[in-house]
Amino acid sequence: MADEARFVEHAFDGDVHILRIANAPVNTLRTEVRAGLLDGLQAALREGAKAIVLIGSGRNFSAGAEMTEFGKPRKPPSLNEVFDAIENSRVPVVAAIHGNALGGGLELALACHARVAAPGAQVGLPEVKRGFVPGAGGTQRLPRLIGLEALRLIVSGDPVSAEEAVKLGFIDAVVEGDLEKGAVAWARANAGKSFTLARNRTDRIAGYDAAKFDEAAKKLTARSRGQESPKGCVEAVRAAFTMPFDDGLNVEREQFQRLVAGEQSQALRHIFFGEREAQRVPGLPADAKSLPVNRLVVIGGGTMGGGIAMSAANNGLPVTIVETSEEALERGLKRCEANWQRTVASGRLSQAEYEKRRALLTGTTNFDKAVGEADLVIEAVFENMEVKKEVFGRLDKAARPGIVLASNTSTLSIDEIASATKRPELVIGMHFFSPANVMRLLENVRGAATSPAAIATATEVGKRIGKLPVLVGNCDGFVGNRMTGKRGPQVEKLLLEGCLPQDIDRVMEGYGMAMGPLATGDLAGLDIGAAVRKARGTVAPVADAVVAAGRLGQKTSKGYYDYDENRRRMPSKEVEQIILDVAEKMQVRRRRIEDQEILERLLLPMVNEGARILEEGIASRPVDIDVIFVNGFGWPAFRGGPMFWADRMGLRTVRDRLAHYAEVTGDRNLQPAALIERLAAEGGSFAGLKSPAKPA
Ligand code: NAI
């Protein structure tokens, strides 16, 4: 009881009782909270309350269920028992929402007699994004309050504002000023009113039209590829329209239990917690503070520089682009404007917001002056070491002492770039991904000399401009590109041995990737890979032959595929012939290749390189790698990333399959990494690895 009292405070304002959820930081509904609510409700009723207000202390109402309790034996009371007590209360129970009411938090509010909220509060049921369905009546109560709109909210998992919730009909009023006082006043004024509980409402679910429902469901799930939870949501919500309340609850419970135990939900929760973890840099001294950054300067207003500058302006950080000529500057700024204008045209950005953002973006050709006023510089000029060193030499002279100088290089050594300055401890890589205004991933690259303060600054600014920063070590390709690079040889071999581009992409897209590797190559331009191979003195017979035929990808309307005027891809007869010719010339006997083999031969090389990356300490934790792939490489979150995939396969099998493919394909890169050998021998997993994997 003492413990419960700590998690739910019981207060009074005359005859209105107040129950405050006090489980910092986000008021998850852990066992003690549920028990505290139940006790508090009973006590309030015993003591003759006229109305009861449920409110959150701290920064929000409640972020929902305590996910760390999932998979463990359930301790009573369940949320549904708490809800029964609320619904059986003879006096109204009013939820007062500020900050967030998400998942179980909103379900708690939906079980109340009424809901009021502070302006701007966010309410939603995001369970679908964690791979399951709302499990405490949300799929049954919300449709009874707002009809078919509930399907959109539950299947998308996106929250809405309190104001929108009032319009939709599941919040009764927005209360200005002090929420607790306002909610008490509202509850007192309405205490005599008779409320119809959500479970007893029928008006919004009447006249169920199966065809209309199916059409809405089809639209909403169209983009969920192989993900199961959106379909589970549809079935649970359908039950709200077609069954009595308690039967609907049973359907919801079945869907919840099935999905929450499944691999997809485990993968999604792995990524959800991993994204939080990845932003905490292990081993960073507690006093490593970010330097104050009020003006960002981006050197180079090309593809990447423009996108980086937009991210800053989109998040309220003033930014200046430095270019070498007025023409290049004009071109760079125009590209940002056009990009924003497209969003305005699509209705996703207001004209006023556009103007606010545009005003935060300036440009100049006066390098020294702009850099002299910078609090942080991010360089995004051509990918050439001589150019980078020249620029960093100038930056070092022009920038104030103590200012961090970052490079967006995707392949070059941060240490060598830093050597062009007298402040190597303040040089760091900030590797954004294209399109930089859209992609969330940011690989921050620590050089040998990079200081904790520089790391803290790159992390803080990254977060501030809407990115997900993951700290990685300095090596060719860093984490993401280094790992994806390793699947290239297998793509080549698969094409020679029997696959066509569409076979490989079909398997990868079937797995859930946003785009298969060959279609991705066509999008990026096949000349890029060809140039890299030339520089490294390597060959790829099929890729080289495709490029030699003038097929450079989407920009020439033909690459591994043919493209129509709408950039729709179609299998190419010419490419098929090129592949058959190369295979014949190399005397490769083509055969039918199973989908599972395609999948393994593309994913295992990445896993193997990921293990080496961990051995070398380039990534601190396996989950960092998974977070990188989900946020920067179109890896479906519901698959959990490459290291999660390997763990599910089991590292013994991973080791054996790698050794097998190394032998039959002659790709020495597929010899199992030492870390995989060790973990397989120990019966271990990546998830069970003590971080960092690198021996001290
Ligand atoms: P880009 O060619 O589109 O832009 C480079 C810009 O830098 C040009 O506008 C050029 O006028 C300007 N510039 C060159 N020297 C300059 C100087 N001394 N002072 C000021 N401006 C100068 O190149 P992009 O694609 O934006 O790449 C830039 C950097 O970002 C490269 O290091 C590249 O490796 C890296 N990167 C590129 C990615 C991509 O997908 N394009 C992804 C991640 C990193």
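Start at 1 and go down the list; that is how both ligands and their atoms are numbered. Only a predicted model underlies this, so the values are computations on that prediction, with no experimental measurement involved.
Partners of Arg223 under the salt bridge (charged side-chain N to carboxylate O under 4.0 Å, His left out) rule, at least two apart in sequence or in another chain, do not exist in this structure.
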Could you go through residues 441-449 and list every donor-acceptor pair under 3.5 Å that involves a side-chain atom there, pairing it with any protein atom two or more places apart or in another chain?
from   : atom 1 : to     : atom 2 : distance (Å)
Glu443 : OE1    : His431 : ND1    : 3.1
Glu443 : OE2    : Gly480 : N      : 2.9
Asn444 : ND2    : Ala458 : O      : 3.4

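For Phe686 and Phe644, the ring centers sit 6.0 Å or farther from each other.
Within 4.0 Å of ligand 1, protein heavy atoms come from Ile299, Gly300, Gly302, Thr303, Met304, Val322, Glu323, Thr324, Ala380, Val381, Phe382, Glu383, Lys388, Val391, Asn408, Thr409, Ser410, His431, Phe432, Ser434.
Side chains of Thr409 and Glu383: a donor on one and an acceptor on the other come within 3.5 Å.
Here side chain to side chain donor-acceptor pair (under 3.5 Å) pairs that include residues 636-645, with residues two or more places apart or in two chains, number zero.
Atom NZ of Lys555 has more than 12 neighbouring heavy atoms from other residues, nucleotides or ligands inside a 6.0 Å radius.
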